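Scroll down for the structure; my scribbles are underneath it.
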Number of protein chains: 2
Amino acid sequence: MPGEIALGLDPVIVCVVDAVPLVLTVVDGERPRLPAGSFDPARDRTLELAARRSIDEQVGLNVGYLEQLYTFGDRFRDPRETAGGPRYVTIGYLGLIGSPALGGQADVEWIDWYQFFPWEDWRRGRPLVLDKNVVDRVGAWIAEGGTDAGRRIRGTAAFGLDGAPWNDEAVLERYEILYEIGAVAEAPVHRDVLGRPMALDHRRILATAIGRVRAKIKYRPVIFELLPPSFTLWQLQRTVEALGGMRLHKSNFRRFVEDGGLVVGTGERRATSGRPAETFRFRPEVIAERPDPGVGIR
Amino acid sequence: MPGEIALGLDPVIVCVVDAVPLVLTVVDGERPRLPAGSFDPARDRTLELAARRSIDEQVGLNVGYLEQLYTFGDRFRDPRETAGGPRYVTIGYLGLIGSPALGGQADVEWIDWYQFFPWEDWRRGRPLVLDKNVVDRVGAWIAEGGTDAGRRIRGTAAFGLDGAPWNDEAVLERYEILYEIGAVAEAPVHRDVLGRPMALDHRRILATAIGRVRAKIKYRPVIFELLPPSFTLWQLQRTVEALGGMRLHKSNFRRFVEDGGLVVGTGERRATSGRPAETFRFRPEVIAERPDPGVGIR
DNA sequence: CGCCTTATACTACTTTTGAGCATAATTGGT
DNA sequence: ACCAATTATGCTCAAAAGTAGTATAAGGCG
């Protein structure tokens with residue numbers, strides 16, 4: 001007779017406002033947490049519907065796009081776990097929403113996700129925290145591994161050491177290495193911690209979400225879930241850059257999305273502080289035309 | 001007080017023998033099923049460890065590579081579910097293994113996964129079943145949708161209609177459309193069904209696994225989990241082709257993996273029925289050199 | 001030896017990507 | 001009215017990557 005399971009739902013709800021990627025949190029204690037819910041099989045026919053209802057009940061929000069991320073079930077991942085009690089397993093979800101309108105709960109807050117992962121934002125150049133606090137410690141961790149080639153390759157690839165390229169999608173891998181070397185406050189033993197901590201393993205779930213969304217925008221047109229129906233190309237680019245934490249080449253980005261058939265001009269123009277910009281809308285037919293219709297550009 | 005949860009584990013264990021992609025099944029009834037286990041929190045510290053132990057106990061197999069796929073929890077996905085009873089939630093896993101050695105259970109069987117998905121194998125040209133049975137029915141389903149542009153784009157993209165390219169990774173999407181139109185035996189209402197059915201929703205889980213592994217080999221070097229430590233380039237290519245269900249251009253494939261630093265020659269040669277081939281081994285350093293070290297080639 | 005088979009090398013061409021510069025259309029100040 | 005600043009948009013060019021072949025090499029076998 002297997003022990004008891006408590007199945008939770010942990011949604012990472014993302015919105016981008018003025019090139020700042022925001023994640024929806026509940027701040028009712030020391031550390032922000034995700035607006036978690038629990039799955040009651042008597043009420044919901046599917047896990048996704050349960051997640052949607054839980055989000056609606058918790059924060060009064062109707063997310064358009066929602067996808068399952070990963071299921072977390074390590075022992076003691078939730079401090080409520082006791083010797084004879086249930087295991088707290090939780091399913092992470094990624095939700096995307098176009099505007100940060102909320103139901104009005106007091107303790108709900110949108111937070112810039114780079115507060116939790118300052119080393120992930122390369123838009124204003126290489127993050128200072130890397131050379132100040134990360135590179136040396138990862139190097140020490142590699143050296144400490146001695147002949148462990150796996151550890152060397154892992155660390156080098158994750159943090160772009162020795163000239164290795166930075167992989168914007170390896171968010172979880174980096175977080176896990178930092179956890180392993182005690183550089184985040186969630187680790188059982190830690191010092192000189194980086195980034196703002198979250199409750200439980202929620203920063204790990206957020207890392208999973210960021211990695212997923214960074215990968216996904218490159219081959220699925222999910223970026224448009226975060227934008228109004230019509231937008232300028234600069235708005236689109238800034239949103240992509242916000243998620244990816246990197247700058248893109250303007251003309252090449254335009255060429256990619258326009259010639260690639262991802263967007264189509266509306267003919268209307270919008271005032272800027274310079275030449276007015278044409279507005280565009282997503283062109284859904286591209287899904288059937290290209291194998292990977294996303295904004296996959298370096 | 002939420003209802004009870006029974007948490008299962010459904011591993012899709014894959015092995016490629018002579019260019020045939022095999023999946024490990026239990027055949028003890030009408031329909032093959034995955035070698036499922038159940039998660040007992042009292043015994044296992046993590047979900048992955050539970051999956052590994054379950055696989056070992058069920059089929060006496062030690063998989064090297066194992067990754068979580070997706071968590072399935074729809075109401076009535078498991079026929080054991082009753083009105084007052086628990087919801088049977090299960091976590092799918094993908095396991096890769098180099099050789100089909102087994103512990104010796106009688107009802108365990110390796111089955112060519114294209115028996116379950118005959119429309120996914122394009123190695124000997126376009127699968128006949130597509131034009132015989134699929135294209136018309138998907139077309140009818142689209143027409144039936146009337147002005148529903150979503151359905152048209154979805155069907156066109158998934159099955160490569162109207163000249164759209166075939167996307168080898170959209171295995172689950174195709175299965176789900178076939179389920180929706182009643183072209184698979186697992187659908188509640190069906191006729192003229194395609195492919196061999198599996199128990200419960202196991203064919204859906206297998207579709208998820210095939211899609212995942214087809215995507216994954218393009219950006220992670222997981223293909224080597226399915227090969228011995230040293231292999232010829234033709235062996236490597238045939239294994240990739242088996243998973244992807246498509247043929248690759250031989251010289252270009254060689255150039256890609258060799259010049260790309262994914263493999264390195266051992267200097268040894270192996271007899272073939274023609275000129276002997278050099279053997280190669282995986283070169284792990286590539287992980288730190290290239291952003292997406294996989295066999296991503298058309 | 002000549003022929004078959006498979007491995008490996010090389011070439012020509014096309015497409016995509018990366019980086020930079022040029023021009024266009026506004027606003028706001030003088 | 002004109003100029004400078006600002007942002008949008010268009011264009012070019014070289015490098016890199018991908019596509020599709022053909023040519024040659026090295027074995028086995030009659």
Side-chain angles (χ1 to χ4, degrees), chain A residues 18-19 122 125 165-166 168 218-219 230-241 244 246-281 286 289-298, chain B residues 18-19 122 125 165-166 168 217-219 227 230-241 244 246-281 286 289-298:
Chain A
D18 292 334
W122 287 61
W166 183 265
D168 66 319
K218 291 173 191 150
Y219 63 93
S230 95
F231 45 80
T232 66
L233 293 185
W234 180 237
Q235 232 183 314
L236 175 61
Q237 181 177 341
R238 293 240 301 171
T239 305
V240 173
E241 290 177 337
M246 56 170 62
R247 308 292 242 103
L248 301 173
H249 185 289
K250 196 163 168 176
S251 329
N252 292 346
F253 181 81
R254 293 178 60 86
R255 178 178 59 188
F256 186 86
V257 299
E258 216 182 335
D259 296 2
L262 200 69
V263 299
V264 61
T266 62
E268 283 158 35
R269 316 203 144 260
R270 180 172 304 174
T272 70
S273 52
R275 172 174 171 175
E278 184 172 6
T279 59
F280 290 77
R281 61 169 182 78
V286 74
E289 293 164 6
R290 295 208 329 220
D292 294 333
V295 282
I297 203 166
R298 271 141 264 284
Chain B
D18 292 334
W122 287 62
W166 183 265
D168 67 318
I217 56 169
K218 290 172 192 152
Y219 63 94
L227 287 164
S230 95
F231 44 81
T232 66
L233 293 185
W234 180 238
Q235 232 183 314
L236 174 61
Q237 181 178 340
R238 293 240 301 169
T239 305
V240 174
E241 290 177 338
M246 56 170 62
R247 308 294 241 103
L248 301 173
H249 186 287
K250 195 163 169 176
S251 327
N252 293 346
F253 181 81
R254 292 178 61 85
R255 181 180 52 187
F256 187 86
V257 298
E258 215 181 338
D259 296 2
L262 199 68
V263 299
V264 62
T266 62
E268 283 158 35
R269 317 206 141 259
R270 180 173 303 176
T272 70
S273 52
R275 171 175 172 176
E278 184 170 7
T279 60
F280 291 77
R281 63 168 181 77
V286 74
E289 292 164 5
R290 294 207 330 221
D292 294 334
V295 283
I297 202 168
R298 270 140 263 285

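None of these values were measured; they are calculated from a predicted model. Here is how names work: the chains are called A, B, and so on, in the same order as the sequence lines, proteins then strands, and each is numbered from 1.
Counting to the nearest Å, the P atom of C/dC10 and the CZ atom of B/Arg254 are 11 Å from each other. For the pair A/Arg290 CZ and C/dT15 P, the computed distance is 16 Å after rounding to whole Å. The distance from atom CG of A/Asn252 to atom P of C/dT15 is 18 Å, rounded to the nearest whole Å. Distance, A/Arg238 CZ to D/dT7 C1': 12 Å, rounded to whole Å. Here the P atom of nucleotide D/dC11 and the CD atom of A/Glu258 are 11 Å apart, to the nearest Å. B/Leu262 has its CG atom 15 Å from the P atom of D/dA17, to the nearest Å. The distance between atom CG of B/Asp259 and atom C1' of D/dG18, rounded to the nearest whole Å, is 13 Å. Rounded to an integer number of Å, the gap from B/Phe253 CZ to C/dA7 C1' is 14 Å.
Taking only distance into account, the side chain of B/His249 meets the base of D/dG21 through a donor-acceptor pair shorter than 3.5 Å. For B/Arg255 and C/dT8, a side-chain-to-base donor-acceptor distance below 3.5 Å is absent, hydrogens and geometry of angles not being considered. With hydrogens and angles left out, the side chain of B/Arg270 and the base of D/dG27 share no donor-acceptor pair within 3.5 Å.
Summarising the geometry, atom CZ belonging to A/Arg255 is positioned 8.5 Å from atom NE2 belonging to A/His249; distances are rounded to the nearest 0.5 Å. Rounded to the nearest 0.5 Å, atoms CZ (A/Arg238) and CG (A/Asp18) are 7.0 Å apart. In this structure, A/Lys250 NZ and A/Leu233 CG are separated by 9.5 Å, a value rounded to the nearest 0.5 Å. Atoms CZ and OG1, on B/Phe231 and B/Thr239 in that order, are 9.0 Å from each other to the nearest 0.5 Å.
In this structure, B/Ser251 reaches the bases: a heavy-atom distance under 4.0 Å links it to at least one base atom across the strands shown.
Each of A/Thr279, A/Val295, A/Val257 was scored for a side chain to side chain contact (heavy atoms under 4.5 Å, CB included) with A/Val263, with one residue passing: A/Val257.
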Footprint string (nucleotides 24-30 of chain C, 5' to 3'): B base within contact, S backbone only, - free, heavy atoms under 4.0 Å: BBB----
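Listed pair B/Lys250 / C/dA7 meets the phosphate criterion, a side-chain N or O lying under 4.0 Å from OP1 or OP2.
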Stepwise salt bridge (Lys or Arg N to Asp or Glu O under 4.0 Å) check, B/Asp168 with B/Lys218: CA-CA 11 Å; B/Asp168 67 318; B/Lys218 290 172 192 152; 2.9 Å; yes
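Counting only heavy atoms from C-beta outward, the side chains of A/Val240 and A/Phe253 approach each other to under 4.5 Å.
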